Structures are given as C-alpha cells and as structure tokens.
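Just so you know, ligand 1 is whichever comes first in the structure, and atom 1 is the first atom listed for that ligand. As the structure is a prediction and not an experimental result, all values here were calculated from the model. Position 1 is the first residue of the sequence, and the numbers go up from there.
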Amino acid sequence: MYGGAGKRLELTEQLIRGLPKVQLHDHLDGGLRPETILELAKSHNVELPESDPGKLTAWFSMATKKRTLKEYLKGFQYTTAVMQTEEALSRVAYEMMEDMKNDGVVYVETRLSPLFHTGMGLNYDQVVESVLRGLREGSRVFNVKFGLIICAMRTMPPEGSLKMAEVAVRYRGQGVVGFDLAGDEVGYPPKDHLDAFYYIQRNNFNITIHAGEAFGKESIWQALQYCGTHRIGHGLHLKDDIMAPGNHISEMGHLSRYVRDKRIPLEVCLSSNLDTGAVPDLIYHPFPIFYKNGFRITLNTDNRLMSNTTLTKEFMIAVKLFDLTFKDIEKLTLNGMKSAFCHFPERLDLIYTSIKPGFAQIKENSGSTKNK
Ligand SMILES: [Zn+2]
C-alpha cells in the first residue's frame, strides 16, 4: 500500500507466519480446536451438530454464513457449553497459546465472559483462575506473552456487567489486562452499562468495547464519550463519518478526527466482518480508508473457529485485497503492540527484543534489505 520504489518481497503465507505478530482481539470461546470440542462434549454431555472434526469446522463456518451478528453468535452456545469445568477452561486456554505459537503470534490478548461458564457450578473466580492457569502454562511452554480481557455482554443485565468489571479489576496484575463489552449491538447501547465502565475508570483500568460493528457511528461515540473506552473493537461504522472518494478523505466529522487524532486503536477483524454481514464483501471494507489516512489500525482474528481463520490468514487477505507491503505488515504489528493493554515497559520490550529484530531477520533472510 505504501510500497514506494524498489522490488517488493513476495509475501507468502509461510513468510507471514514466521513474522512475530500481535493479536489484540481474539475470543477464547471462538477459537477452540474442533477435536477438543468433540472430546469435551462427551464429558459435558453436550450434543453437537456434527461428530467429525472436519464437518464440525465446516458447520461452524457455515453457521456464520447467515450473515447477521445475531446468527453468528449462535455457534457460541456449543463452544461455551463445553467450557464448564476447570480442566476444560485450562485446556482451551493452553491450546490457544500453542495455536498462537504455531501462527507466529508473540503477544496475544484473548477474551471471554465468565458469565457463560458457570453452568456446571463454577463461580466467576474459578473460571478466571482456570483460564489464567492454562494461559500461564502455555506462555511458559510456548514462549508467547498474553493478557486476558474480561467481557461483559450487551444483551445481559447491567448488574452482570458490573460484576464482570469487578472480576477484571480483582485479577489485574495476575494476567487480566482489561474489560470489554461484547454481544449483539443493535438495540443494546453501551451506555446502559455505565456503572461497569465507571468502576473500571475509577480503578484506573483498561477498556475496549465492540462498537460500530453492526450499528452506526453513535455506538462508537457512546463507547468513547460515555464509557471512556481506550480501544474500539471493529469500528467499521466510523466510515459513516468520513467522505473518502477513492479511499482518500475529502471530508471528515469531529468523531473520526477525534479517533484519529487521539490515536484510538481500531481492532479490525476482516473475515469476521464478512461473516457477520457487517460488510457485504471485503472489497467494501473501510480498512484502506482508515489505514491510508493515518488511523491507528490493528489486524486481528476475532473468532478463529467461526471464521476458520488465523492471524496469518487475515494478513494474507489484507495483502491480497489492499496491496499491503512488508513494511505495512510491520507497521500494523507495531500498532498492535503499541495499543496493547500490558504495561508500557513490556510493550517496549516486545517491540525491541522480538518484533523489530524478527522482522529485520526475515527481511534479511529473504535476500534484500532494500526491499519494502
Ligand atoms: Zn469480537
């Protein structure tokens, strides 16, 4: 996209997988391995729509082809149903870390809502502690850094959101790095959950909110100016505030200026946006408008199982559709690391000891330091 002169590196899937990447928007209950779901279904007495791993993968991704966020969220009834014991939660968290390692991710922020994992008697603390155990063990074995984000749900009563906010703050310093509001957006404005957001703010903690995915720019505005969010999950509808013929901005409103000028990170998830019907086709995705015009964009997977994707695949999609260069991938990765909720020294450490050297090494190995 910003390629400039000079021969360009060929951005193969293998090369991108080898690059040290950062993932900020990944739902733990949206990324289970199909084999794991099948095994856990037995101990949880859950009846699944398919009994073969391949067919189950297809079922999950076909289920998303209904193209509304509401339909998309239906797949979670099965994934959450098999994550109801301490062992299951730790296992899923551990396997996610291994999957990150295999995908070249060096820092991941994964998220889940303890509200969905109490069906077999666990309390919220047991849910979080089990997940953290799996993440810590995975981090030790696979050398991937992590942060856990606790989600509240738009569609559930605000009292539950406050409870989730309290859980998030309680486990700060033990691996939890922030608080999120997720779930169906239409008819469920974020400002209904102000008590939870005020609690997080009063405790000097981190907020990200799914906003502007299935609903308009008002949702983004509320997330920022009522709820005090530090990042925006998706933020697609920010484009409603921008006139950009040929992807170059000719006019923009105060909201989009604010997001750009304050460097508010947008957690973009391409495949997911297609699967939930947020965009009819990825060629209409506002990614190039945001990216070319200086917004702080990060690239993420959202739900790897439901969208049958990986972070490498998401970068491949962006490379093909939006003509990204090696340098663009590095910039998006640095955007991700700068926007992470871990502490500033940890971000710097990963940038200077892992990300920059990793990109430099692969560029050198690919035979041309002049390449973009
Ligand atoms: Zn999400």
Side-chain angles (χ1 to χ4, degrees), residues 22-32 60-61 63-64 66-77 79-80 83 92-93 96 99-100 105 108-117 131 146-156 161 164 168 177-186 188 190 193 206-215 219-220 223 227 229-238 264-279 282 285-287 297-311 313-314 317 336 339-341:
V22 174
Q23 158 87 292
L24 299 182
H25 191 130
D26 179 82
H27 293 262
L28 192 60
D29 50 340
L32 281 77
F60 273 105
S61 53
T64 68
K66 294 190 173 125
R67 304 277 162 90
T68 67
L69 182 57
K70 210 178 164 122
E71 289 295 331
Y72 181 84
L73 296 174
K74 278 190 178 167
F76 290 89
Q77 73 190 45
T79 56
T80 53
M83 296 166 73
V92 170
M96 184 280 294
D99 294 343
M100 289 299 128
V105 172
V108 58
E109 283 178 11
T110 192
R111 54 184 86 187
L112 99 163
S113 180
L115 289 166
F116 294 125
H117 302 276
V131 170
F146 74 89
L148 176 63
I149 294 172
I150 301 296
C151 301
M153 303 306 295
R154 290 169 183 281
T155 48
M156 291 171 87
S161 300
M164 291 304 99
V177 294
F179 176 71
D180 171 41
L181 185 67
D184 194 14
E185 203 173 355
V186 182
Y188 299 100
H193 303 264
N206 300 313
I207 304 173
T208 180
I209 299 181
H210 284 71
E213 178 185 13
F215 192 61
S219 179
I220 300 170
C227 311
T229 197
H230 302 107
R231 301 196 311 230
I232 301 279
H234 302 289
L236 280 175
H237 281 272
L238 197 61
I264 308 287
L266 301 179
E267 305 161 0
V268 172
C269 312
L270 295 171
S271 294
S272 163
N273 290 158
L274 182 65
D275 292 341
T276 62
V279 289
L282 285 177
H285 199 286
F287 175 97
I297 298 297
T298 68
L299 207 54
N300 307 277
T301 53
D302 209 9
N303 298 295
R304 287 168 290 119
L305 173 67
M306 282 71 174
S307 290
N308 194 12
T309 194
T310 62
L311 192 54
K313 279 194 196 172
E314 294 300 303
I317 291 168
S339 309
F341 284 156

Point to revise | Least distance between heavy atoms, L311 atom then N300 atom | key: CD1-CA, 3.8 Å
Check your understanding: Taking side chain as C-beta onward, heavy atoms only, is N303 less than 4.5 Å from F76?
Key -> yes
Check your understanding: Less than 4.5 Å apart, any side-chain heavy atom of L112 and any of L148?
Key -> yes
**Study point:** Metal check, the Zn ion (ligand 1) vs C269 N/O/S, cut-off below 2.8 Å
**Key:** no
Practice item. May I have the angle between H25 NE2 and H27 NE2 with its vertex at the Zn ion (ligand 1), rounded to 10°? Key: 100°
Practice item. Determine yes or no for a side-chain-to-main-chain donor-acceptor pair under 3.5 angstrom, with T110 supplying the side chain and D26 the backbone. Key: yes
Revision key, fill the gap. Closest to the Zn ion (ligand 1), among the N/O/S atoms of D302, is atom OD1
Point to revise | Contact flag E267/the Zn ion (ligand 1), N/O/S atoms, threshold under 2.8 Å | key: no
Practice item. Flag H234 as yes if one of its N/O/S atoms falls below 2.8 Å of the Zn ion (ligand 1), otherwise no. Key: no
Exercise for review: Check each of I317, L236, L274 against H285 using the side-chain contact (heavy atoms from CB on, under 4.5 Å) test, and report the only one that passes.
Suggested key: L236
